[in-house]
*Asks:* 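Got a structure here, written out as structure tokens. Questions coming.
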There are 2 protein chains.
Amino acid sequence: MTTEDSETPPPTGRPRDPVLEQAILNATVEVVARSGFAAAKLEDIAKRAGTGKAAIYRRWPSKTALVVAAAENLQSPVAIPDTGSLREDLLGCVRHYITPSARAALALATVLAEASRNTELRDAAQAAIGQPPVEALRAVLARWIARGAVDPATPVDLIAGLVPAVAFHRVALLHQGLDEATAVALVDDVLLPALHAPAGDTP
Amino acid sequence: MTTEDSETPPPTGRPRDPVLEQAILNATVEVVARSGFAAAKLEDIAKRAGTGKAAIYRRWPSKTALVVAAAENLQSPVAIPDTGSLREDLLGCVRHYITPSARAALALATVLAEASRNTELRDAAQAAIGQPPVEALRAVLARWIARGAVDPATPVDLIAGLVPAVAFHRVALLHQGLDEATAVALVDDVLLPALHAPAGDTP
DNA sequence: GACTTACGGTACCTCCGGGTCCCGTAAGAT
DNA sequence: ATCTTACGGGACCCGGAGGTACCGTAAGTC
């Protein structure tokens, strides 16, 4: 290996359009989120991306691979709020599920849940859109526990899992995204009471 | 109308087997819950029910109608616990989601969520397996509010919606049913703190 | 016993969608 | 200018599954 023999054969000819790449991924998310994994047609995705099926198969070997890529592409840097107020930090985390992209992600998750047997697909979706916001909430809780404002005995996993559960449930079954009022109620009436609990009511 | 003219033409010939009817519905739930709505094959359902496709189409006109009927058939009388203890009542409601039939129902719901465009299907599922347990929880909360043990200002809908959300989320995305430990934690660490809150912490 | 309808099973029709191929054209590299 | 590869788009192949038709048989009614 002098410089680069086997890898990267000199890229001659017309290069691939990166804009098209992104357009295809976006179209995939939209179509899959709206129609479901099985019902999503490659032709619809191609049409919505303003291209043909060939351009898709030039990049990904199968429908599954395409959807996995689209799910991974949804990853957005989830901020870990640190406002100095526990309530505001929680609100920041919960509000993450209100954004349009989050709603698209959840709708996609709805669908990916259907592909139960497809482990690859499910894991990719979970890692891409499931974990990050939960990790953020977990981090916030850990920080406030360290600060002594939250009981160290609180079941962090259970509490942190509450928010995505509600968001997912609303989108998947009730077909309505999380709204501001619900987010506030979730924080004030559920999360904060659960966290403020000292050492337990039965000593 | 003397006795019954138009309706019920004298049922001659071999009658339909009601046992088979139930077997088909059960098989439908199992196969659809395992494979998903789209991936569920009528032939698999028939085979699992120990019959042929013809026997199915003799009863329901389409795959969708069959699944709707199967969802409706899942309705089971959800008991409204009244043990004298708020905690026990809540536990009773939450435990409902641990039963095998509840897990099957939730798995089915996972799938029905995918059929977003099919309003008929979604509504049937919601009415059959979504509403009843939530109504039970709502009733329990209402009773304890009436008894004065729970703040009348508590957002009953939000709280009652928490449990199915968690159950659904776990089954659909995490692929694990609700277990006893989680149920207890849900009641002790989430529901009870949210309910015991008096009039609010900021007077 | 005659009749009617359900039964299990299978072969079949038909449509739909994933995936492939090929066209004429466009956009870069040498 | 030439070469190579990507592009949009259409034609096509093919497997799979919903739905139908028909068999011989079983289980009821009159």
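Proteins come first, then strands; the chains are lettered A, B, ... in the order of their sequence lines, and each starts at number 1.
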*Asks:* If the cut-off is 4.0 Å, is A/R59 near the phosphate of D/dC7, judged by side-chain N/O to OP1 or OP2?
*Replies:* yes

*Asks:* Contact class for B/A40 vs. all strands (heavy atom < 4.0 Å): base, sugar-phosphate, or nothing?
*Replies:* sugar-phosphate

*Asks:* Using a strict cut-off of less than 4.0 Å between a Lys/Arg side-chain nitrogen and an Asp/Glu carboxylate oxygen, indicate whether A/E21 and A/R59 qualify as a salt bridge.
*Replies:* yes

*Asks:* Would you tell me if any nitrogen or oxygen in the side chain of A/R16 comes within less than 4.0 Å of OP1 or OP2 on D/dA6?
*Replies:* yes

*Asks:* In whole angstroms, how far is the C1' atom of D/dG16 from the CD1 atom of B/I45?
*Replies:* 16 Å

*Asks:* Starting the side chain at C-beta, find the nucleotide from C/dC7, D/dG28, D/dA6 nearest to A/R58.
*Replies:* D/dA6

*Asks:* Pick the nucleotide of DNA chain C nearest each of B/D17 and B/K53; which residue has the one closer to the 5' end?
*Replies:* B/D17

*Asks:* What is the separation between atom NZ on B/K41 and atom P on D/dG19, rounded to the nearest whole Å?
*Replies:* 16 Å

*Asks:* A side-chain contact here means heavy atoms from C-beta on lying under 4.5 Å apart; do A/Y57 and A/L42 qualify?
*Replies:* yes

*Asks:* Just to verify, which of B/L25, B/V29, B/T28 counts as forming a side chain to side chain contact (heavy atoms under 4.5 Å, CB included) with B/I45?
*Replies:* B/T28

*Asks:* Assess, by modelled atom type and distance only, whether the side chains of A/T182 and A/D179 contain a donor and an acceptor separated by less than 3.5 Å.
*Replies:* yes

*Asks:* Would you classify A/A46 as touching base, sugar-phosphate or nothing, given that sugar-phosphate means primed atoms plus P, OP1 and OP2, and contacts are heavy atoms under 4.0 Å?
*Replies:* nothing

*Asks:* Using atom OH of A/Y57 as one end and atom P of C/dC22 as the other, report the distance to the nearest whole Å.
*Replies:* 17 Å

*Asks:* Once you round it to whole Å, what is the distance between P of D/dG18 and CH2 of B/W60?
*Replies:* 15 Å

*Asks:* Would the base of C/dG17 count as contacting A/K63 through its side chain, where contact means a donor and an acceptor less than 3.5 Å apart?
*Replies:* no

*Asks:* When the distance from CD1 of B/I56 to P of C/dA6 is rounded to whole Å, what number comes out?
*Replies:* 15 Å

*Asks:* Between B/R14 and D/dT29, does any side-chain N or O lie under 4.0 Å from OP1 or OP2?
*Replies:* no

*Asks:* How many whole angstroms separate atom CG of A/L66 from atom P of C/dG17?
*Replies:* 16 Å

*Asks:* State which of C/dG18, C/dC7, D/dG19 makes the closest approach to the side chain of A/L42.
*Replies:* C/dG18

*Asks:* Is the B/H169 ring parallel, tilted or perpendicular to the A/F168 ring (thresholds 30°, 60°)?
*Replies:* perpendicular

*Asks:* With nearest nucleotides of DNA chain D determined for A/G50 and A/E43 from heavy-atom distances, which residue corresponds to the more 5′ nucleotide?
*Replies:* A/G50

